[in-house]
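Just below is one structure, and these are the notes that go with it.
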Amino acid sequence: MPYWLMKSEPDELSIHHLQKLGRARWDGVRNYQARNFLRSMQESDLFFFYHSSCPEPGIAGIARIAGPTYPDPTALDPQSPYHDPKANAEKNPWSALDVEFVEAFEQVLPLARLRDNPALVGLSLVQRGSRLSVMPVSEAQWQAILAMR
DNA sequence: GCCAACGTTGGC
DNA sequence: GCCAACGTTGGC
């Protein structure tokens with residue numbers, strides 16, 4: 001079963017917010033590479049929930065893919081910050097899916113510590129200049145990160 | 001707020 | 001198809 005890592009700004013959706021909700025829509029992905037990873041996900045895949053653009057960037061917990069992708073409604077909503085003026089109901093290039101809460105780490109696993117782990121040099125997250133918001137995580141990387149909690 | 005790095009856009 | 005200009009991401 002594949003593993004993933006997805007970034008969210010905690011102001012928008014944090015792991016604790018997801019814990020309260022139980023389930024939420026993962027939307028607003030506006031990068032084709034990230035979108036393609038979204039589309040290759042399967043229900044019940046697990047992913048690390050990463051907090052970005054915040055005082056303590058790092059992995060904050062684990063969540064699960066709750067179903068298949070569907071057209072991202074925020075692309076069609078003129079009120080949404082993710083509105084795409086080139087998208088319409090017939091042709092919406094963007095995908096969203098639902099996710100379920102699994103676990104919140106007691107402490108956020110900081111990006112700086114992830115960078116220090118030699119087992120994670122191949123992870124897109126810690127590579128120089130990488131801005132990918134959805135990425136695959138290998139089994140070995142998954143286990144290495146779990147062991148750092 | 002700064003800025004490096006990357007992705008996208010659009011003129012040619 | 002090239003590439004300069006611009007916009008965005010995201011850590012610091």
Side-chain angles (χ1 to χ4, degrees), chain A residues 2-21 24-41 45-66 69-138 140-149:
Chain A
Y3 296 103
W4 310 93
L5 182 148
M6 299 207 283
K7 299 180 185 174
S8 176
E9 300 190 12
D11 286 350
E12 225 174 305
L13 180 68
S14 70
I15 189 71
H16 299 104
H17 193 195
L18 179 61
Q19 184 166 21
K20 282 179 195 149
L21 296 171
R25 188 175 69 209
W26 202 278
D27 57 27
V29 172
R30 293 294 178 272
N31 168 282
Y32 284 102
Q33 196 181 354
R35 183 208 66 181
N36 291 342
F37 283 133
L38 266 193
R39 289 183 177 177
S40 66
M41 292 176 179
D45 283 357
L46 296 175
F47 67 92
F48 286 124
F49 193 119
Y50 181 89
H51 286 177
S52 70
S53 297
C54 59
E56 203 184 9
I59 297 176
I62 298 173
R64 179 192 301 118
I65 305 305
T69 56
Y70 48 86
D72 183 348
T74 65
L76 307 180
D77 177 5
Q79 305 304 317
S80 169
Y82 302 118
H83 179 235
D84 178 358
K86 285 179 284 186
N88 56 64
E90 291 73 38
K91 228 183 165 202
N92 182 351
W94 304 115
S95 295
L97 45 66
D98 291 352
V99 303
E100 287 171 343
F101 174 80
V102 173
E103 173 186 340
F105 291 174
E106 277 185 39
Q107 295 173 325
V108 172
L109 186 47
L111 177 61
R113 282 197 59 215
L114 298 170
R115 287 193 194 284
D116 284 345
N117 187 337
L120 302 179
V121 287
L123 185 64
S124 178
L125 181 75
V126 302
Q127 281 166 6
R128 173 188 164 82
S130 171
R131 303 185 317 199
L132 198 58
S133 63
V134 179
M135 70 195 73
V137 174
S138 73
Q141 291 163 346
W142 182 266
Q143 296 302 336
I145 291 168
L146 285 185
M148 294 174 76
R149 284 178 296 177

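The sequence lines fix the lettering, A, B, ..., with proteins before strands; numbering per chain opens at 1.
For the side chain to side chain contact (heavy atoms under 4.5 Å, CB included) test, residues two or more places apart in sequence or in another chain that qualify with Glu56(A) are Val108(A). Looking at residues two or more places apart in sequence or on another chain, you find no side chain to side chain contact (heavy atoms under 4.5 Å, CB included) involving Asp11(A). Listed by chain and number, the residues in a ring-ring contact (aromatic ring centres under 6.0 Å, His included) with Phe105(A) amount to none (sequence neighbours excluded). Taking Tyr32(A) as the reference, Trp94(A) meet the ring-ring contact (aromatic ring centres under 6.0 Å, His included) condition, with sequence neighbours excluded.
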Extract all donor-acceptor atom pairs below 3.5 Å that involve side chains of residues 47-55 of chain A and protein atoms in other chains or at least two apart in sequence.
residue  : atom : partner  : partner atom : Å
His51(A) : NE2  : Ile15(A) : N            : 3.1

Give every donor-acceptor pair under 3.5 Å between a side-chain atom in residues 72-81 of chain A and any protein atom, sequence neighbours left out.
residue  : atom : partner  : partner atom : Å
Asp72(A) : OD1  : Thr74(A) : N            : 2.9
Asp72(A) : OD1  : Thr74(A) : OG1          : 2.7
Asp72(A) : OD2  : Gly28(A) : N            : 2.8
Asp72(A) : OD2  : Arg30(A) : NH1          : 3.1
Asp72(A) : OD2  : Arg30(A) : NH2          : 3.3
Asp72(A) : OD2  : Thr74(A) : OG1          : 3.2
Thr74(A) : OG1  : Arg30(A) : NH2          : 3.0
Asp77(A) : OD1  : Gln79(A) : N            : 2.8
Ser80(A) : OG   : Tyr82(A) : N            : 2.9

Per-pair distances, 0.1 Å, donor-acceptor, side chain in residues 111-126 of chain A, under 3.5 Å, sequence neighbours excluded:
residue   : atom : partner   : partner atom : Å
Arg113(A) : NH1  : Met148(A) : O            : 3.3
Arg113(A) : NH2  : Met148(A) : O            : 3.4
Arg115(A) : NH1  : Val126(A) : O            : 3.3
Asn117(A) : OD1  : Ala119(A) : N            : 2.8
Ser124(A) : OG   : Ser130(A) : OG           : 2.9

Please write out each protein N/O paired with an N/O of nucleotides 9-12 of chain C under 3.5 Å, distance rounded to 0.1 Å.
residue : atom : partner   : partner atom : Å
dG10(C) : OP1  : Lys7(A)   : NZ           : 2.9
dG10(C) : OP1  : Arg131(A) : O            : 2.8
dG11(C) : OP1  : Tyr50(A)  : OH           : 2.8
dG11(C) : OP2  : Ser53(A)  : N            : 3.0

N/O-N/O pairs, protein side and nucleotides 3-5 of chain C side, under 3.5 Å:
none

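Look at Asp27(A) and Arg25(A) and you find a salt bridge, because one of the NZ, NE, NH1 or NH2 atoms lies within 4.0 Å of a carboxylate O, short of that distance.
Protein atom CG of Asp84(A) is 17 Å distant from nucleotide atom P of dG7(C), rounded to whole Å. Between the NE2 atom of His83(A) and the P atom of dT8(C) there is a distance of 15 Å, given to the nearest Å.
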